[in-house]
Amino acid sequence: MDDYKKLADLIFPDIKKSVADYEKEYPERNLKEGAKVTRYAPSPTGFMHIGNFYSSVINYVLAKQSGGVFFLRNEDTDSSRELSGAVEYIRHVLEHYHITPDEYEYRDIHETAGNYGPYIQSERKEIYHAFIKELVSQGKAYPCFLTQEEMDEIRATQTAGKKRIGIYGKYAKYRDLSPVEAMERIKNGEKYTVRLKSSGNFFNKFKFNDLVFGEMEFPENDIDIPIMKSSNLLPTYHFAHLVDDHLMRTTHVVRGQEWMSSVPVHYELFKTFGFKMPKYIHTPLILKKDGDKIRKISKRLDPEARMTYYEERGYPVYSLIEAIMTIANSNYEQWREGHPDADFTEFEFSPKKMSSAGALFDLDKLDNISKNYLSKLKASEVFDGLDEWSKIYDTDFNALINKHKDYTISVLNIEREQKKPRKDFACFSEVKDNIWYMYNELFDSAFDFSFLKHEEDAKKIISTYLNEYFDINDDKDTWFNKIKELTDKMGYCSNMKEYKENPDNYRGSTADISNVIRVALTTKLTTPDLYEIINILGDAEVRARFSKICG
C-alpha cells in the first residue's frame, strides 16, 4: 500500500489535509431532531426553468417546516458550458420569490452566510482533492491514461455490439496498472483522469428507497467512473455531489426524476467512503396538456418553461408559488381553503403525496389562482404591483399611471369593494388592456355600434341622453331610472321580460341603450360598472367623449 500512497502524493503533492481533518472542520449540525437540511444546487450552464424552481420551492418548504436549513450551492465545475449571467439570475429568482437560502455565497456581491462553505464548487478544489487522494492511497481509485481517441473507439465498439456504454471490465485498460507504472507515466507527462475502481457487480441488485417512488431495485454500478477531470483537475458532478452533501450534512436531496439513473453511482460512492446517504426525493416530471395529449414541458417549445416568462407576464409572486404547491401535493388546495391566510410553508408537505406519474402544470389553473388573488387585494396594492412591473416592462404606461396615481387607484377600485369582486386580469401585463380607455392619452374613437338593430339610432341616443338626462351628480338609482326613461323615449323596451317575449315590438332594450353609452365612453361592449366609469371619468371628459359622436 506504500506505493499507492506514493502515487497519491505524486498526484496531490500540496494536499496536506485528510478526510478526517475535514470531518472535524464540518461537524454534524446542531439541529433539533427531525430538522431537514436541504439544498438547491443548480449548475450555471443554463437559465433557471420551472423544473428548477419547483425543486427549490420543495427544498425550501422541507427545511422551513422542520426548523432545518436550506442552502444554495453553485455547482460550477463545468466552466466550459457556463452561461454568462446564469448565476446572477438564479439569485434574482430566489430573491424575487422570497425563497431565501439560510446559507449561500454570492461572489458577485461579496456576500456569504453559513459555516459549511465555500458554497461554490470551483472554490472547493482542495477539499475534493483530499477525498480523491484518500481513495488513490487506498487503491480504490486510479489514474487512467485512456486518450479521447481510445474512448471514442471503445464507445463505438460498445454501441455496435449493443453493450452498455462505459469503462468497465476489459475496457478498463488501466485499472490494474501498478502504482509504479502509473507514477512513471505521470512523470513522463502523460495526461490522465482519475477513476473510481468500482467494486460493484452489474448483475447484482441493491434496494433503494426513494421518498416519492418508494422502494426500488437497481443494478450495482460496475463502471469505473471518472472522479477528477484532466482538463482543470476539478471533480466530476457525481464525486462533488458525494463530498459536498456529506460535509454540508445534507439530509434530503431533492432533484428531478431524470437523475434517477445516477442512483447506482451515488450509492457506490457513499458506500465506498462509509458515509450515510441522504434521503432522496426524485421529483416527478412537470407535464402540460397539449391538445388531447399530455407531455413533458419543454424548454424549447414552451415559453412557460422559462422562469423569465412569469416576470415578463407580471404574475404575482404568491400566484406562482401557489400553483407550484398545488402540483407538489394533491391535498394542498384543500389545506389552503381551510387556511386562507397562512404562509405556504405552514403546509405539511409530504413527498409520499407527490404523484409519481408526473405533475400537470396548467396555465389556466395558474390564471385562476392569480385572478382570485388579485381580486382580493386593495386597489392601492394592485397599483403597487402594476407600478413595479411596468417600471421594467412598459415604461410609457408606468409614467402614465404615476402621472395619474390617485385616478388610477380609483380605476382599479371599480367593483373591488363588493362581495364578489371582478376578476378581469391574472397578471399585471393584462391590466392595461382592461383599463386603457380610462385615460384620455390612450383613448381612441373607434366606435362600433353594429350591435344595434338600428345602428343609426346611436347618435340620437347619445345626444338625447347628454342634453336631457345626464347629470354627473346623480346617485346610482337616479341614474339608472333615467336610463330606463331614455329607453322608453327612444322606442326601446325598459322591461327586459317584456322585451324577451315581444322583441319585434321594440327597436331594442335597456341593455342596448346602456351599451350605446358604454361604447361611446370606452369603445367596448364589456366593461366594469358603467355608472362607476362615468363618475371616475368626470363631467368634462364624459361630455368630451359624447361630443365626438354628436358633433
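Atoms considered below: every heavy atom in the structure, side chains included; atoms not considered: hydrogens, waters and symmetry mates. Throughout, residue positions are numbered sequentially from 1 according to the sequence presented.
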Is [Y] close to [X] at the side-chain level, that is, under 4.5 Å between some pair of heavy atoms?
X: Tyr54; Y: Ile50; value: no
X: Pro284; Y: Met354; value: yes
X: Pro278; Y: Thr251; value: no
X: Asp108; Y: Val87; value: no
X: Arg545; Y: Ser445; value: no
X: Ile461; Y: His454; value: no
X: Gln65; Y: Thr345; value: no
X: Val61; Y: Phe70; value: no

Q: Let me see the working for Met307 and His96 under side-chain contact (heavy atoms from CB on, under 4.5 Å), right down to the final yes or no.
A: CA-CA 11 Å; Met307 285 305 295; His96 180 74; over 6 Å; no

[atom1] of [X] to [atom2] of [Y]: how many Å apart, nearest 0.5 Å?
X: Asn434; Y: Asp424; atom1: CG; atom2: CG; result: 5.0 Å
X: Met438; Y: Ile435; atom1: CE; atom2: CD1; result: 8.5 Å
X: Ile321; Y: Thr326; atom1: CD1; atom2: OG1; result: 12.0 Å
X: Ile99; Y: Ile324; atom1: CD1; atom2: CD1; result: 10.0 Å
X: Ser494; Y: Lys489; atom1: OG; atom2: NZ; result: 14.5 Å
X: Glu348; Y: Asn331; atom1: CD; atom2: CG; result: 9.0 Å

Does [Y] offer a backbone N or O that forms a donor-acceptor pair with the side chain of [X] under 3.5 Å?
X: His339; Y: Trp335; answer: yes
X: Ser509; Y: Tyr492; answer: no
X: Thr250; Y: His246; answer: no
X: Asn59; Y: Thr38; answer: no
X: Asp475; Y: Asp477; answer: yes
X: Arg91; Y: Leu94; answer: no
X: Ser514; Y: Ala511; answer: no
X: Asn495; Y: Glu498; answer: yes
X: Asn329; Y: Met325; answer: no
X: Lys453; Y: Tyr506; answer: yes

Parallel under 30°, tilted from 30 to 60°, perpendicular over 60°: which one fits the rings of [X] and [Y]?
X: Phe447; Y: Phe449; result: parallel
X: Tyr373; Y: Tyr318; result: parallel
X: His282; Y: Tyr280; result: parallel

Q | Counterpart residues, salt bridge (Lys or Arg N to Asp or Glu O under 4.0 Å), relative to Lys476 (two or more places apart) | A |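 Counting only residues at least two positions away or on another chain, Lys476 forms a salt bridge (Lys or Arg N to Asp or Glu O under 4.0 Å) with Asp529.
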
Q.
Here's one to test your reading of the geometry: is the NZ or CZ of Arg313 within 45 degrees of the ring axis of Phe428 and under 6.0 Å from its centre?
A.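 That pair does not qualify as a cation-pi contact.
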
Take atom [atom1] of [X] as the centre, draw a 6.0 Å sphere, and report whether it contains more than 12 heavy atoms from other residues, nucleotides or ligands.
X: Gln334; atom1: CD; result: no
X: Tyr237; atom1: OH; result: yes
X: Glu455; atom1: CD; result: yes
X: Lys484; atom1: NZ; result: no
X: Glu388; atom1: CD; result: no
X: Glu417; atom1: CD; result: no
X: Asp362; atom1: CG; result: yes

Shortest non-hydrogen contact from [X] toward [Y]:
X: Phe361; Y: Leu320; answer: CZ-CD1, 4.1 Å
X: Leu374; Y: Val382; answer: O-CG2, 4.0 Å
X: Tyr60; Y: His98; answer: OH-O, 3.6 Å

Q. Under 4.0 Å between a Lys/Arg side-chain N and an Asp/Glu carboxylate O for Asp76 and Arg107?
A.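 A salt bridge links Asp76 with Arg107.
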
Q) Below 4.0 angstrom, N of the basic side chain to O of the carboxylate: do Asp367 and Lys371 qualify? A)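 Answer for the salt bridge query: no.
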
**Q.** Glu103: which of Arg29, Arg73, Arg39 passes salt bridge (charged side-chain N to carboxylate O under 4.0 Å, His left out)
**A.**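 With Glu103 as partner, Arg29, Arg73, Arg39 yield a single salt bridge (charged side-chain N to carboxylate O under 4.0 Å, His left out), made by Arg29.
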
Q) Are Tyr332 and Phe347 near enough that their ring centres are under 6.0 Å apart? A)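 Distance test on ring centres: under 6.0 Å, yes.
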
Q. Does the ring centre of Tyr437 sit less than 6.0 Å away from the ring centre of Tyr439?
A.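 No, the ring centres sit 6.0 Å or more apart.
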
Residues [X] and [Y]: side-chain donor-acceptor under 3.5 angstrom:
X: Arg306; Y: Thr308; answer: yes
X: His404; Y: Glu441; answer: yes
X: Asp244; Y: Gln121; answer: yes
X: Arg416; Y: Asn413; answer: no
X: Asp474; Y: Tyr531; answer: no
X: Glu111; Y: Tyr104; answer: yes

Q: Could you walk me through whether Asp539 and Phe470 pass the side-chain contact (heavy atoms from CB on, under 4.5 Å) test, one step at a time?
A: CA-CA 9 Å; Asp539 185 85; Phe470 175 63; 3.3 Å; yes

Q. Which residues satisfy the side chain to side chain donor-acceptor pair (under 3.5 Å) test with Ser319, sequence neighbours excluded?
A.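 Partners of Ser319 by the side chain to side chain donor-acceptor pair (under 3.5 Å) criterion, ordered by chain and then number, come out as Ser370.
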
(Q) As a test of understanding, state which of Tyr40, Tyr315, Phe53 forms a ring-ring contact (aromatic ring centres under 6.0 Å, His included) with Tyr97. (A)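 With Tyr97 as partner, Tyr40, Tyr315, Phe53 yield a single ring-ring contact (aromatic ring centres under 6.0 Å, His included), made by Phe53.
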
(Q) Test side-chain contact (heavy atoms from CB on, under 4.5 Å) on Leu62 and Ser66; report intermediate values, then the result. (A) CA-CA 6 Å; Leu62 285 169; Ser66 66; 5.8 Å; no

